[in-house]
Amino acid sequence: MQRSVASRTGHAQLGVGSRQLFGFKQQKAAPRHAPMQAAATELVIPTPELVIPKYCESVHQTRRRPTRTVTIGPVKVGSEHRVALQTMTTTDTRDVAATVAQVKKCADAGADIVRITVQGRKEAEACMKIREQLFKDGYDVPLVADIHFQPAVAMLVAEAFEKIRINPGNFADGRKTFEEINYDDPAQFEAERAHIEEVFTPLVLKCKELGRAMRIGTNHGSLSARTLSYYGDTPRGMVESAFEFADICRKHDYHNFVFSMKASNPLVMVQAYRLLAEEQYKRGWDYPLHLGVTEAGEGEDGRMKSAIGIGALLMDGLGDTIRVSLTEDPEYEMDPCRRLAALAETACREGWGVPEFSETTRDTHTFSRRVGVLPEQREGDELDFRPLLHRDGTVFSAVSLADLQQPEALYRKLGAKLVVGMPFKDIATSDSIFMRQLPAASDADGRRALRRLQEVGVHVLAPAAEVAANPLPGVVAVMGLAEALAAGGKAPAGASRLALALDGTESDEQLAAITSVDAAVALLDTQDSASRVHSSRRVFDAIKRAGSDIPVLHHIRFAAGTHRDEVVIKTGSWVGGLLVDGLGDGAMIEAEGEDLDFLRTTSFGLLQGCRMRNVKTEYVSCPSCGRTLFDLQEVTEQIRQKTGHLPGVAIAVMGCIVNGPGEMADADFGYVGGAPGKIDLYVGKEVVQRGIPMAEACDALVQLIKDNDRWVELPEPEEAEAVAA
């Protein structure tokens, strides 16, 4: 049972955004959301009686989900083996020498398995030569044929490669369409399975005969019209689509296969994989899982989105082989892959977790943003405390005394605009700052720098003991929960507001008493010895059951010298793994000696990846493969240069039509390779211009954005210099 939540009178609430946060529509026949007041985003909070279905071995500890072993050439995939790392070539498959060279480069970088696109018979013939040459060169890395639309080609390439990837959305149903089919009689839907079985069975029998493996790989963006019409654009449709093919495999006693449930939206991806695992538990199945966030993009954003989706599942013990899909050369996918796999291995080996507790408020079927109450103005306030937090997700930055020595540089690193040296909040400015030490009363310059921030709504938080030692007007004092309860739940003398510091060791009784504390926000910084994901789940469950609506920010700390990729991967896996369940209202990343600008942009990237707060253009770009009809890296960068200043706008850049229209479900505009040298432009899922010459396509995309009233002009050069960070 669920209930919708509307804003309480007199309170602004966090989490009510203007964009749809999740990325798929609910099944028409079974609406689960109640309408809200004129809001595009619906928030649904599960009642305390919610029982979490079993989707992993334990919600309290990272334990690998037991699976059978799937054999892919010399590589074993399953719970008895380490997590296997995968990537995919970007060369033209018909170019045997180039493809062989790239496979070698990937294998040398650590890839256990390499996938190659196989569009037609010519590519299938080339695959024979690729496999043969690699064996001659001493490379036995298993090769996977990526098949879309071509059952006959799959039969051919099964002779050469160790594994076949099929897409249930287009293997038997043909090209992607959005035609809606009315299934008034469910028997009609079931009867159409006969066609799928007829088309798919020969490949099953061949793979069984030759000892080949298979991946039944559903993509959120390429569900068939049949599945979309019956189940809607839902995780349930993704799972059922895969199970239709799995049932055929099982009918013929073929079990050497894995599942995948990929999506470009990490929230959709996580929910789909959890539902897949849940249904496998119900059926007594034990097939391994291949994890991946498709079309994740490039650079830090691509790594963050992948860490959120893949890392969240790995922390629950789900996942046996992984691929980080980046719009970069494939060998560069190996480092984030390796870091994610190592994180999962360590968590399982060391048994990261907490003692069992009764978790009754998290809903793994329906995403809902946590609803925290924003600070209000009080009589006598000299500062405006309403900007202390942001309604769509908050970012705090940890600032040191040394940072105050160069105020203008600090303002820039915090993402503020500068006008004649004075800071002003911008769309991606840190909402507030946290200081472990405050400037002494004698440090006039340091205090002036802080005052200028406070006056534009960037507030200062500091430990209560530091506030007592160095009082600062308008400061927010941070106290531990036990300390705050002992002090009567009020802000200490000299502080304008109170913030709580939680570490996950608080008792249920203490957490239940949080409602008696007059705190504006809580910072959750779990103990180093505890599992952040599991201990935080307990804290949020207790707070929810207590009826508290205090905003909670995740405070995550890293040791000096921590590699930036490690910061991104762990933040995405641990904090993102909680935010995908709506557990949290923002983040603060603290790393001694690290650049404040990097930590701030990483925090905003985390929130945007979790579909909370958009501060920049969102790109859904595929990782490229042999099907790609243009240089994805080059074109994506061209588009980014012209459109990167459009927060709230999502642009899909797709190399071909395979997943293009579907994966653009979350995008406002699409740039898709339609033919060699030609581009098709989309608004949502609808193609609006076809066959645009490559040389003109980027400008045509800009014009399309303008025509749809989503364009804003770049700042003037002098203003841009002031804003540059």
For the atom pair OG1 (Thr505) and CG (Leu511), what is the distance rounded to the nearest 0.5 Å?
9.0 Å

Report, as yes or no, whether the 6.0 Å neighbourhood of atom CD on Gln527 holds more than 12 heavy atoms from other residues, nucleotides or ligands.
yes

Between Ser79 and Arg64, does any side-chain donor sit less than 3.5 Å from a side-chain acceptor?
no

Kindly say whether Phe357 contributes a backbone atom to a donor-acceptor pair with the side chain of His60 at under 3.5 angstrom?
yes

Any side-chain heavy-atom pair from Val521 and Leu389 closer than 4.5 angstrom?
yes

With a 4.5 Å limit on heavy-atom distance, are the side chains of Asp320 and Val258 in contact?
no

So, the side chain of Glu80 versus the backbone of Gly78: is there a donor-acceptor pair under 3.5 Å, distance only?
no

Between the side chains of Ser325 and Glu333, does any donor sit under 3.5 Å from an acceptor?
no

Does Arg564 make a cation-pi contact with Phe598, if we ask for NZ or CZ under 6.0 Å from the ring centre and within 45° of the axis?
yes

For the pair Glu300 (side chain) and Val568 (backbone), establish whether a donor and an acceptor sit closer than 3.5 Å, ignoring hydrogens and angles.
no

Kindly assign one of parallel, tilted or perpendicular to the pair Phe385 and His459, based on the angle between their ring planes and the thresholds 30° and 60°.
parallel

Between His554 and Phe540, what is the ring plane arrangement, given parallel below 30°, perpendicular above 60°, and tilted in between?
tilted

Report the C-alpha distance between His555 and Phe434 in whole Å, list the side-chain angles of each, state the deciding distance to 0.1 Å, and finish with yes or no for ring-ring contact (aromatic ring centres under 6.0 Å, His included).
CA-CA 10 Å; His555 181 184; Phe434 173 76; 5.8 Å; yes

Below 4.0 angstrom, N of the basic side chain to O of the carboxylate: do Glu618 and Lys305 qualify?
yes

Interatomic distance, CD1@Ile569 vs CZ@Arg338, rounded to 0.5 Å, equals 12.0 Å

Before giving the answer on side-chain hydrogen bond (donor to acceptor under 3.5 Å, both in side chains), spell out for Arg215 and Ser260 the whole-Å C-alpha distance, their side-chain angles and the decisive distance to 0.1 Å.
CA-CA 7 Å; Arg215 169 159 69 98; Ser260 69; 2.7 Å; yes

Could you go step by step and tell me if Thr321 and Gln86 meet the side-chain hydrogen bond (donor to acceptor under 3.5 Å, both in side chains) rule?
CA-CA 7 Å; Thr321 178; Gln86 299 200 29; 2.9 Å; yes

Ile589 vs Phe558 side-chain heavy atoms within contact, under 4.5 Å
yes

Looking at Asn265, Thr294, Asp233, which one forms a side chain to side chain donor-acceptor pair (under 3.5 Å) with His220?
Asp233

Any side-chain donor paired with an acceptor under 3.5 Å for Asp541 and Thr361?
yes

Enter the distance from Trp574:CH2 to Trp352:CH2 here, rounded to the nearest 0.5 Å.
4.5 Å

Calculate, to the nearest 0.5 Å, the distance between atoms CE and OH belonging to Met238 and Tyr231 respectively.
14.0 Å

Answer yes or no: is there a donor N or O on one side and an acceptor on the other, between the side chain of Gln608 and the main chain of Val615, under 3.5 Å?
yes

I want to check something: taking the side chain as every heavy atom from C-beta on, are Glu590 and Arg436 in contact at a cut-off of under 4.5 Å?
yes

Taking the six-membered ring for Trp, are Phe243 and Phe259 closer than 6.0 Å centroid to centroid?
yes

Looking at Asp508 and Arg538, is there a salt bridge between them, counting it only when a charged N and a carboxylate O are closer than 4.0 Å?
yes

Any donor-acceptor N/O pair, Glu592 side chain to Ala559 backbone, under 3.5 Å
no

Say whether, by atom type as modelled, one donor and one acceptor occur between the side chain of Ser432 and the main chain of Leu388 under 3.5 angstrom.
yes

Drop me the distance from Leu599's CG to Glu594's CD, to the nearest 0.5 angstrom.
5.0 Å

Examine the side chains of Tyr55 and Asp316 and answer whether a donor and an acceptor come within less than 3.5 Å of each other.
yes

Nearest 0.5 Å, please: how far is CG in Asp335 from CD in Glu566?
8.5 Å

